[in-house]
Structures are given as structure tokens and as C-alpha cells.
Amino acid sequence: MGDTMIGVIGGSGVYDIDGLEGAEWRGVESPWGAPSDQVLTGRLDGVPMAFLPRHGRGHVHSPSTVPYRANIDALKRLGVTDVVSVSACGSFREEMAPGDFVVVDQFIDRTIAREKTFFGTGCVAHVSVAHPTCPRLSAACIEAGKAEGITVHDGGTYLAMEGPQFSSMAESKLYREVWGCDVIGMTNMPEAKLAREAELCYASVAMITDYDSWHPHHGAVDISDIIATLTGNADKARGLVKRLPALLGAVRESCEYGCDRALDHALLTAPEKRDAGLVAKLDAVAGRVL
Ligand SMILES: CSC[C@H]1O[C@H](OP(=O)(O)O)[C@H](O)[C@@H]1O
Ligand SMILES: Nc1ncnc2[nH]cnc12
């Protein structure tokens, strides 16, 4: 048992949230570098909350340069237990339309130019990401979204691409027809992997802005169309987030799916062989087991 603290990572179009009591933008120092921005902290319905805009206020960071490790470390350092990622995405399914939300439960990671782990030489760890999202937290997001009147799809596979360009039509058809993906975006990897390494419950709310480039009647992805849909999606996302504290509660049991114990058997490096510098950097992420 412990206290819930909800962390929200806001994607494109979601640069703040409203309604927090005692709202304050706070700088958080991380040994993994500077996070994307300061973190907006406060309480919602008595539950502590921390909001971090993934690209920074003013959309400074591209998908490849978002400091994913610093962001996850900063949230963990603040005491966050549950991370809800809110992201824009393209759809590969006719029935998953722009304006709909998908609470995704699987990822295919096609990113190639990002730091993907907190661990490495001198402290090696292997965690499972077979089930990369937390079913309990995902269920709360689905319930919150439906209560807001949003069309929410329960589950789906998110293709994480490097970007920043959108996919070619051939790639789009490959991801949809051969790989069976449902949505596409540029940021949920390595974020979800790092959240698992940091023993945080993670759920991803993917907000559809477009049909990517496979759709015979919608043509190429167009950023101005995306931005038009993004604004409405961002308002819906803020409504969804406001409902989370009541659903999650202020007190938290140990995660029944084991997200908060992901490192129990993951560390392979013998204690006497561990790199002191790396171990020091891992204080927040892995301090429980180091
Ligand atoms: C605004 S279109 C492309 C951009 O939007 C998404 O960002 P986020 O996941 O942070 O909402 C997508 O992944 C791309 O980075
Ligand atoms: N079609 C798309 N591909 C990648 N990222 C996106 N974000 C929003 N729409 C997207």
C-alpha cells in the first residue's frame, strides 16, 4: 500500500492541464539530463498529480530529441506511481476514426535513434515488456474517456516510428496489412520501455488525428488537418485526465500486474562488478533493488 501520484505526459497539442489545486511549475534535476520542461504539480480531487509536456511548452523537442530518460526519471523522482501518456497518432483502421481515442496495449518499436534504457555497462538489466502497459491503469483511462463521451477503443497496437517525416504509402500499408498495427505515432517508444524499467505503471491514450497515408479516400497525411483535429482531441484529453483521480483513488495497492516490481529479477551484474557512477544515477529509477 502507498500513495497514488498520477503523472501525465502530454503529447502534441497538450502543453498544460487545468484545475490543479496548488498548481506550480517546478524544475526537476535529473542525472539523465534536463527533462523536456518544468513539471506542473498540484492536486486533483486530493490526489497528487504531475504533468510534463513531452515536447516542452512551445513544442521545442522533436520526437527523436525528446529526453525520454530524463522525463521518466524526473516523474519517478517526484514520487509518481502511475504514468498516463497522451499522444497524437494516425489510424490504420477505418473504424478507428479521427477524434477517437485508442488505449493501446501493444507496441512495435521501429525507432532507431534514441537512448532506450537506463541500464548498460556496469549495471545490466533485462525487464520484460511482453505486456508493456498496465491493465489496471489502462482500464481507468478507458472508463474516464467513456464517461467524457469520447469514443474509446479498448486495446490496439501502436507502431512507433522514428519520424519526423510521416510514413510513405508503402510503409503505411506494410504496418497495416502485414504487421497488423492499429495506430502509428513517434513517441511512445522508448517511453513505455523506460517506464517499465523505472517500475512505473504506464498507460497510453492515443488520440487519432488522421488516417496516415494508406487510406484511398484520405490521401497523404497533412499537418494542417492534424492540427485541426488536435485541438479538439486535447480538450477531450483534459476531460479524461480530470476523471482519473476519482477512479484511481489516493491510496494504491501494489500493482497486481507487477509493474512496480519489474526489476525484482532483472539485474544481472554482480554487486562487486557494478559501476558506482551508473549505480548513483539509478538512485530514483532502481534504488528499490540497488
Ligand atoms: C503533430 S503530428 C506528429 C507528432 O505528434 C505526435 O506526438 P505525440 O506522440 O507527442 O503526441 C507524433 O508522435 C509526432 O511526434
Ligand atoms: N500519421 C501519423 N504518423 C505518425 N505520427 C503521427 N502523429 C499523428 N499522426 C501521425
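When a ligand or atom number is given, it counts from 1 through the structure's own listing order. Bear in mind that the values here come from a model prediction, so they are computed numbers and not experimental data.
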Just jot down the ligand 2 atoms closer than 4.0 angstrom to any heavy atom of Met186, in number order. 4 (C), 5 (N)
Would you call the rings of His55 and His59 parallel, tilted or perpendicular, taking 30° and 60° as the class edges? parallel
Between atom CZ of Arg43 and atom CD1 of Ile6, what is the distance when rounded to the nearest 0.5 Å? 11.0 Å
Using distance alone, determine whether Tyr158 and ligand 1 share an N or O pair under 3.5 Å. no
Using side-chain contact (heavy atoms from CB on, under 4.5 Å), reason through Leu267 and Phe119 one step at a time and then give a plain yes or no. CA-CA 9 Å; Leu267 291 175; Phe119 298 93; 3.8 Å; yes
protein heavy-atom neighbour closest to atom 9 (O) of ligand 1 works out as Thr187 OG1, 2.5 Å
If you measure from each non-hydrogen atom of Ser87 to ligand 2, which part falls under 4.0 Å: side chain, backbone, both or neither? neither
How far is atom 10 (O) of ligand 1 from the closest protein heavy atom, and which atom is that? His55 NE2, 2.5 Å
Do any nitrogen or oxygen atoms of Ala88 come within less than 3.5 Å of a nitrogen or oxygen of ligand 1? yes
For Asp82 versus Arg252, what's the shortest heavy-atom pair and its separation? OD1-NE, 2.9 Å
If you scan protein heavy atoms around atom 3 (C) of ligand 1, the nearest is Phe166 CE2, 4.0 Å
Protein heavy-atom partner closest to atom 9 (N) of ligand 2 - residue, atom, separation in Å: Asp210 OD1, 2.6 Å
Check Ile184 against ligand 2 and report side chain, backbone, both or neither, counting heavy atoms closer than 4.0 Å. both
With a cut-off of 4.0 Å, which atoms of ligand 2 are near a heavy atom of Cys89? 7 (N), 8 (C), 9 (N), 10 (C)
If I compare all heavy atoms of Glu199 with all of Leu263, which pair ends up nearest, and what's the gap? OE2-N, 2.8 Å
Considering only protein heavy atoms, which is closest to atom 10 (C) of ligand 2, and at what distance to one decimal place? Gly90 N, 3.4 Å
Evaluate the side-chain contact (heavy atoms from CB on, under 4.5 Å) criterion for residues Leu244 and Val84: first the C-alpha distance (whole Å), next the side-chain angles of each, then the deciding distance (0.1 Å), finally the verdict. CA-CA 10 Å; Leu244 290 174; Val84 174; 3.9 Å; yes
What one should report as the nearest heavy-atom pair of Ala206 and Val104 is CB-CG1, 4.0 Å
Is it the case that the side chain of Thr81 and the backbone of Met5 share a donor-acceptor pair, with hydrogens and angles ignored and the cut-off at 3.5 Å? yes
Ligand 1 atoms nearer than 4.0 angstrom to some heavy atom of Arg54 are 8 (P), 9 (O), 10 (O), 11 (O)
So if I count the atoms of ligand 1 from 1 in the order they appear, which ones are less than 4.0 Å from some heavy atom of Ser87? 9 (O), 11 (O)
Close-contact set for ligand 1 against Gly185 heavy atoms, below 4.0 Å: 13 (O)
Only distances under 3.5 Å count here; give the side-chain donor-acceptor pairs of residues 146-153 to other protein atoms, sequence neighbours excluded, each with its distance to 0.1 Å.
residue : atom : partner : partner atom : Å
Glu148  : OE2  : Arg243  : NE           : 2.6
Glu148  : OE2  : Arg243  : NH2          : 3.1
His153  : NE2  : Asp100  : OD2          : 2.9

Starting from atom 15 (O) of ligand 1, what is the nearest protein heavy atom, named by residue and atom, and what distance separates them? Pro63 CG, 3.1 Å
More than 12 foreign heavy atoms under 6.0 Å from NE2 of His265: is that the case here? no
Above 12 or not: heavy atoms from other molecules or residues under 6.0 Å from CZ of Arg110? no
In terms of residue, atom name and distance, what is the protein heavy atom nearest to atom 6 (C) of ligand 1? Ser12 OG, 3.4 Å
What is the closest protein heavy atom to atom 12 (C) of ligand 1, and at what distance does it sit? Met186 N, 3.8 Å
Can you pull out the closest protein heavy atom to atom 8 (C) of ligand 2? Residue, atom name and distance to 0.1 Å, please. Thr209 OG1, 3.3 Å
Side-chain donor-acceptor pairs of residues 18-31 under 3.5 Å, sequence neighbours excluded:
residue : atom : partner : partner atom : Å
Asp18   : OD1  : Lys242  : NZ           : 3.2
Ser30   : OG   : Trp32   : N            : 3.0
Ser30   : OG   : Asp73   : OD2          : 2.8

Which of the atoms of ligand 2 are close to Ala88, meaning less than 4.0 Å from one of its heavy atoms? 7 (N), 8 (C)
Taking only heavy atoms of Ile226 into account, list the atoms of ligand 2 that are under 4.0 Å away from them. 9 (N)
Is there a donor-acceptor pair closer than 3.5 Å between any side-chain N or O of Tyr15 and the backbone N or O of Gly13? yes
Under 4.0 Å from a heavy atom of Gly11: give me the atoms of ligand 1 that qualify, with their elements. 8 (P), 10 (O), 11 (O)
Minimum-distance protein heavy atom relative to atom 5 (N) of ligand 2: Gly185 CA, 3.5 Å
